[in-house]
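Notes for the one structure printed next.
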Amino acid sequence: MEKWMLIDGNSIAYRAFFALPPLTNSAGQHTNALYGFTTMLLKLLDELKPTHVLVAFDAGKVTFRHEGYSEYKGGRQKTPPELSEQFPVLKELIRSFGIAQFELSGYEADDIIGTLTKRADEQGVETIVVSGDKDMLQLASDKVTIAVTRKGVSEVDMYSPKAIQEKYGLVPQQIIDLKGLMGDTSDNIPGVPGVGEKTALKLLHEHGTVEQVLENAGELKGKLKENIETHKDSALMSKKLATIFREVPLESGTDELRYSGYDGATLAEAFRKLEFKSLLERLDLGESVGDSAEEAKQSAAELNIAIITSEEDGESLSELLSALQQDKEHGLYIEAIGENPHQAEIIGMSVATGDAVYVLPYSALKKPFAAGLVEWFSQADKPKYGFDLHKVELALAWSGIRYAGTAFDVQLAAYLLDPTDTALSLSAITGKQGLSGIASDEAVYGKGAKFKVPDADTLCRHLALRGDAVRKLVPILTADLEKSGMSKLYFELEQPLSRVLAGMELQGITVKKQELEELGRNLESQLVTIMSDIYKHAGVEFNIGSPKQLGEILFEKLELPARKKTKTGYSTDAEVLEDLAPYHPIIPLILHYRQLAKLQSTYVEGLLKEVRGETGKIHTYYRQTIAATGRLSSQFPNLQNIPIRLEEGRQIRKAFVPSEPGWYIVAADYSQIELRVLAHIADDENLKEAFIHDMDIHTKTAMDVFGVTADQVDSNMRRQAKAVNFGIVYGISDYGLSQNLGISRNDAGRFIEQYKEVFKGVRQFMEDIVVQARRDGYVTTLLERRRFLPEIKASNFNLRSFAERTAMNSPIQGTAADIIKLAMVQMDEALRERKLKSRMLLQVHDELVFEVPEEELELMKSLVPEVMSGALKLHVPLKADVSFGVNWYEAK
DNA sequence: GAGGTCACG
DNA sequence: ACGTACGTGACCTCC
């Protein structure tokens with residue numbers, strides 16, 4: 001059974017353009033009409049499942065309608081260039097869908113559609129016309145339904161003749177009479193002055209057609225009668241103009257409209273260019289969620305899968321090993337279940353190479369006959385092309401299998417290509433690259449309580465598809481890195497770093513449980529005391545840890561002044577409480593309670609849970625593919641936020657000790673790395689000068705901003721200057737600075753202006769980087785790390801301002817990240833070359849922590865800062881301060 | 001699972 | 001007029 005869908009391309013594009021905010025891709029190309037059109041099209045294709053689809057466009061400026069009425073569409077605003085530039089792309093996009101499109105010189109889209117619906121009526125084919133224009137309702141029939149967009153383009157109202165009858169009390173043919181009387185300002189159809197929809201409907205209900213209304217105009221009264229009699233011609237002409245011409249000389253037959261579904265890869269390529277990320281994912285999702293099982297079976301059926309479970313599959317295994325030993329290109333996928341790679345369970349693996357995909361359940365990998373494969377894993381000179389090999393290395397290590405030799409990691413590459421992309425699962429990357437979708441993790445395993453490893457058959461097929469996907473992605477992402485100028489960053493920094501990180505994580509850091517436990521007992525007794533004090537002051541027991549309950553106590557029961565609100569109620573954060581401190585003695589108690597409770601739950605109990613019983617060590621997991629700026633992050637547990645600012649919390653660091661008796665903790669941190677990076681990037685003479693002379697940068701800033709000499713800078717001026725420096729790095733705003741310093745916005749603005757007067761290079765940088773971001777759609781670090789900032793062109797002030805601050809901050813924070821990463825790779829090499837026993841254990845953004853035997857202490861105290869400061873040559877010196885002690889606390 | 005809070009650079 | 005400092009992760013409460 002045929003089913004036609006006929007779309008008024010111009011009308012829908014217009015609707016979409018005005019309904020959506022001005023979206024652009026990173027190249028600055030406007031995409032809102034395209035996006036709206038596409039979402040609507042995908043939805044209709046999915047819901048209506050047409051066999052034939054056509055998009056019709058208006059062609060040429062002059063249509064036959066102008067012959068009779070030159071003012072036709074005259075009053076219409078000129079098409080904005082932001083929209084007209086989208087039409088050629090739209091036409092290409094429709095081709096990517098595999099959908100036919102017509103335009104015929106001298107005719108409008110609705111004439112083409114009218115002509116086709118006439119054929120549909122004659123042939124009895126069910127047809128849906130899609131438009132943003134109610135004019136189309138005249139085409140409705142028992143075969144033809146009109147879908148008119150509502151609320152933008154996401155939803156449509158369906159008009160059958162019956163629906164039109166219900167809504168207007170008219171038959172479809174009368175729609176033109178309606179237009180004839182009421183006109184249409186958007187097309188500059190005049191109609192009859194003073195006649196709107198209400199009057200027009202009343203007249204038509206009585207008389208049926210424009211002609212009849214005119215004939216019976218004598219019966220009418222007053223102004224209406226006068227208007228109609230004087231504008232008879234206008235009414236008749238308007239009716240003619242509103243009439244869709246249904247005899248367009250179309251040469252093409254309807255066979256050309258046949259639609260057999262889109263090609264995922266072609267469409268994904270088009271979406272990729274336009275950066276329709278959510279739609280790309282939806283393509284992926286549509287396949288993986290919708291018919292995941294079927295799809296997977298289908299694609300898997302096309303693969304030559306060799307499942308290796310026992311010695312009997314020796315032949316397959318030999319083939320595989322032979323390919324791997326010859327360094328054949330391949331795709332490796334290892335499934336490790338669990339978020340924490342130190343506790344993940346490997347359930348199987350696959351390698352796609354040659355014309356086959358080899359799949360091994362983990363049980364097979366552990367058997368003696370697979371020893372060759374285990375050997376291959378450990379060979380650093382045997383290249384491995386895989387996905388998230390950092391996690392794999394850790395998971396394998398805990399299963400007693402050594403791993404080395406990453407030649408390419410699809411996930412790491414995808415991160416560099418867009419570090420703000422939070423969907424770096426293999427299925428997401430595959431979908432984004434427009435390869436045929438593989439099932440998402442959730443589709444295969446379920447999630448939460450429903451998590452379940454599927455039966456062996458399903459699992460093997462699934463693993464096979466993933467190995468195959470990795471193999472296809474390797475050359476694509478390699479080329480993308482090259483195109484974006486990030487090959488060097490990838491191959492010489494990120495990939496080597498991945499290995500260094502794994503080494504640090506597996507090494508772990510020793511934590512003295514007794515130390516933490518004692519701290520915990522101490523905290524516990526303090527907490528009990530404070531808690532009862534708080535209850536006394538409140539006059540009631542409540543859950544201090546509940547912001548809701550606390551808010552009620554403070555602002556309702558105790559009637560303290562509530563200043564700040566959150567989405568859900570009163571804000572009770574530290575800033576609010578500090579302001580309230582003078583009003584009630586309960587406030588300092590709550591602040592203290594909060595502080596200690598945090599230490600207890602996160603740092604004492606939290607860390608104790610992470611200490612491995614066997615070794616007394618904590619193994620964090622540095623994530624290399626999370627932070628938008630290129631920084632690392634640390635999880636399970638986070639060792640990058642161990643307390644230091646307050647003395648009570650700093651005590652936690654006493655529990656972090658060397659793993660061997662007599663060794664030391666050595667810690668080295670970059671001094672003012674971000675401001676030094678800024679001095680370099682902005683090439684600011686004054687700032688560079690300050691660092692070349694290794695001045696105290698906040699004092700120097702105070703001198704320049706306040707126009708005083710060094711000995712005139714008091715601690716308050718220095719504090720304010722320090723805040724200004726922070727602000728500069730964060731992408732300053734007067735408001736932000738005023739909040740931070742508790743001063744007026746005007747005063748903050750003056751500080752900033754003064755700063756920019758003295759640090760002219762910084763001012764120039766701030767201005768240039770925003771312009772650059774707007775031009776390129778992204779900003780870069782010194783090592784060419786990118787961050788895309790599409791919102792830099794947003795019309796929404798907040799979004800745009802955020803993007804502008806990010807444009808200033810990311811190159812600074814990101815370059816600092818580049819530098820310490822370089823230092824880590826170089827430090828790792830230095831330790832190996834010199835065959836030192838010292839080990840690098842932790843990284844905290846601008847700090848590296850080592851454990852060092854006594855005999856290497858002196859050497860490391862000079863080597864570490866030397867490597868760190870020499871990691872990258874800038875126009876200012878990099879400085880690293882080093883310290884040591886018997887624990888992390890003492891290394892200060 | 002979201003929101004609030006707070007630890008770090 | 002708009003209303004915010006940049007980047008993270010963990011814990012708790014409450015729905």
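Letters A, B, ... are given to chains in the order of the sequence lines, protein chains preceding strands, and every chain is numbered from 1. Worth saying up front: this structure is predicted, and the values here are computed from it rather than measured. Just so it is clear, the values below take in all heavy atoms, side chains as well, and ignore hydrogens, waters and symmetry mates.
- A gap of 23 Å separates the C1' atoms of B:dC6 and C:dG3, to the nearest Å.
- A cation-pi contact links A:Arg786 to A:Tyr778, judged by a cut-off of 6.0 Å to the six-membered ring centre and 45° from its axis.
- Comparing C:dA5 with B:dG4, their P atoms sit 14 Å apart, to the nearest whole Å.
- The base of B:dC8 is not paired with the side chain of A:Gln640 by any donor and acceptor separated by under 3.5 Å.
- Nucleic acid contact for A:Gly731: none, since no nucleic acid atom lies under 4.0 Å from a heavy atom of the residue.
- The phosphate of C:dC6 (OP1 or OP2) has no side-chain N or O of A:Thr806 nearer than 4.0 angstrom.
- Separation of the P atoms belonging to C:dC2 and B:dA7 is 33 Å when rounded to the nearest angstrom.
- If you check distances only, the side chain of A:Lys548 never reaches the base of C:dC14 with a donor-acceptor pair under 3.5 Å.
- Applying the 4.0 Å criterion to OP1 and OP2 of B:dC8, one finds that A:Arg645 has a side-chain N or O inside that range.
- Within the nucleic acid shown, A:Ile644 comes within 4.0 Å of sugar-phosphate atoms alone, with no base atom in reach, counting heavy atoms only.
- Counting distance only, with no hydrogens placed and no angle test, the side-chain atoms of A:Ser733 and the base atoms of C:dT4 include a donor-acceptor pair under 3.5 Å.
- The phosphate of B:dT5 has OP1 or OP2 within less than 4.0 Å of a side-chain N or O from A:Thr572.
- Between A:Ser546 and C:dC14 there is a side-chain N or O to OP1 or OP2 distance below 4.0 Å.
- For B:dC6, the OP1/OP2 oxygens have no side-chain nitrogen or oxygen of A:Asn641 closer than 4.0 Å.
- Residue-level contact check: A:Lys567 touches the backbone only, with heavy atoms under 4.0 Å from sugar-phosphate atoms and none from bases.
- Between A:Phe797 and A:Phe802, the ring centre distance reaches or exceeds 6.0 Å.
- Taking the six-membered ring where the residue is Trp, the centroids of A:His390 and A:Tyr621 are separated by under 6.0 Å.
- Using a 4.0 Å cut-off, some side-chain N or O of A:Thr568 falls inside it from OP1 or OP2 of B:dG4.
- Among the protein residues, A:Asn740 comes within range of the nucleic acid bases, having at least one heavy atom under 4.0 Å from a base atom.
- Residue A:Gln549 places at least one side-chain N or O closer than 4.0 Å to OP1 or OP2 of C:dC14.
- For C:dT4, its base sits under 3.5 Å from the side chain of A:Arg805 at one donor and acceptor pair at least.
- Phosphate contact (OP1/OP2 of B:dA7, side-chain N/O of A:Thr602, threshold under 4.0 Å): absent.
- A:Gln624 contributes no side-chain N or O that, together with a main-chain N or O of A:Leu412, makes up a donor-acceptor pair within less than 3.5 Å.
- Side-chain nitrogen and oxygen atoms of A:Arg745 include none within less than 4.0 Å of the OP1 or OP2 phosphate oxygen of C:dG3.
- Residue ring and base: A:Tyr735 counts as stacked with C:dT4 (centre distance below 5.5 Å, interplanar angle below 30°).
- Nucleic acid contact for A:Ala574: sugar-phosphate only, since backbone atoms but no base atoms lie under 4.0 Å from a heavy atom of the residue.
- The residue A:Val844 sits close only to the backbone: its heavy atoms come under 4.0 Å of sugar-phosphate atoms, none of a base.
- Other residues, nucleotides and ligands place more than 12 heavy atoms under 6.0 Å from the CZ atom of A:Phe636.
- Counting non-hydrogen atoms under 4.0 angstrom, A:Ile626 reaches the backbone sugars and phosphates but no base.
- Between the CG atom of A:Leu632 and the P atom of C:dG9 there is a distance of 11 Å, given to the nearest Å.
- Among the heavy atoms of the strands, none lies under 4.0 Å from A:Asp669.
- A:Asn638 comes within 4.0 angstrom of the backbone, heavy atoms only, and of no base.
- Residue A:Ile642 is classed as a sugar-phosphate contact, given heavy-atom separations below 4.0 Å to backbone atoms only.
- Residue-level contact check: A:Gln635 touches the backbone only, with heavy atoms under 4.0 Å from sugar-phosphate atoms and none from bases.
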